[in-house]
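Since the structure comes first, as structure tokens, the remarks are kept for the end.
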Amino acid sequence: MPADYGALASKYGNFTTPVMKVLINGSDVIANQKLAVENLSVSLSLNQAGSVHFNVVNVFELSSRTFTDAIKQSFQPGSSIKVELGYGSATRLLFQGYVSELCLDFGEAPQISVTALDVTRLLMDTVHQNLVYEVTSYSAAFQAVMKEFEGMYDSLEVEDTEDSLTKVVQKDSSFRFIQEELCVKANREFLVAGGKVYFRSPRKETEAVAALNWGEGLMSFQERRTQCNQTIRVYGKAENKKDQLKVEITAKTDAASSKLCVVKEYQKYSLIGQDAIQKYAEQIAGRQKAAGEGGSGTCIGIPELIPGSYIKLGNLDSGEEKEYYIKSVKHNMGSSGYTTQFDVEGCK
């Protein structure tokens, strides 16, 4: 059962005492250095690098007109960083990465701005032109890629694949290699959140992590229904690796008119055999159908909300509860308290 508003309120002391922890190289700098941190945000997504941004406002020495050296050293670019959010003593690790930028802002009220990114950004920036992984499975190739970045995450959660490979070749950034090669061929989902890196079956988690109603935890929600009926054609290779094969299926959105339909073709000649091509076409169709119903909303700050999980929303339109799949979230903590913004799509 997903946690409803009452259960969450009980767990988090009625949401009355928002708490943030910022750990730099393992040290809680807010508590240990008595820092005043404002406008902290944690952004997490299935398709983009996770990021953190915040301002430190009590570290300027007016007499010398300089920022505190110890603080500048603490937030040195490249330093490891973890961010926990919650209420009272109940906090949850939401982000782990590295300080990517330190900005000394000499404005009306001088402050230091800090930006951090997670391991996804390093995967995007790492490019190999012809790197050969001598592995027998796509899951083993994924583990080999991530081994280069040990220390930027706490753990890997890898769902093994049963393949019969001798090697896999990377000819692009590590991120695109994971997303467009390993995930596509192994039918896996890549996700980074809370210090963990996941390589798992798409939408593996089946139960919503929270159940909210409009006016009870859910502050606002904009529901979107779009026209995205598509005929999907995927071209690959036959088992002999010479002849071309084509698979064609149609993705239909329940809420959309059946009168409109577009054709999208995909040339994926790295896919060998009818089954592999069919599976790829079905993945695209499933994503298109899910994308046809979605929306965005804002709720009370809930650390459990991360991409790759489900949220159940009620008291909207028909009044029936409806589950959505979370694509991205932004946790905000500032003078107005702790809130969470999220983008979702339907359940295929």
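The basis for the numbers below is simple: all heavy atoms, side chains too, and nothing from hydrogens, waters or symmetry mates. No experiment lies behind these values; they were computed from the predicted model shown.
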Just by distance, with hydrogens left out, do [X] and [Y] show a side-chain donor and acceptor under 3.5 Å apart?
X	Y	result
S74	Q33	yes
Q341	N332	yes
S328	D343	yes
S41	H53	no
Y153	Q96	no
D163	T161	yes
S139	Q143	no

Tell me if the aromatic rings of [X] and [Y] count as close, with their centers under 6.0 Å from one another.
X	Y	answer
F67	F106	yes
Y133	F177	yes
F342	Y324	no

Geometric class of the Y87/Y12 ring pair [parallel <30°, tilted 30-60°, perpendicular >60°]: tilted
Geometric class of the Y5/F15 ring pair [parallel <30°, tilted 30-60°, perpendicular >60°]: tilted
Thinking salt bridges, do [X] and [Y] make one under a 4.0 Å N-O criterion?
X	Y	answer
R65	E61	no
E189	R200	yes
K312	E207	no
E134	K167	no
D125	R121	yes
K147	E150	yes

Side-chain touch [X]/[Y], heavy atoms, less than 4.5 angstrom:
X	Y	value
V158	D160	yes
L123	V145	yes
T166	T136	no
L245	V234	no
F75	E101	no

K237 atom NZ, over 12 foreign heavy atoms within 6.0 Å: yes
Within residues 14-24 or reaching into it, pairs that qualify as side chain to side chain donor-acceptor pair (under 3.5 Å) - sequence neighbours excluded: none
By side-chain contact (heavy atoms from CB on, under 4.5 Å) - contacts of E157 (at least two apart): K196, Y198
Passing candidate, side chain to side chain contact (heavy atoms under 4.5 Å, CB included) with P307, options L191, N47, V344: L191
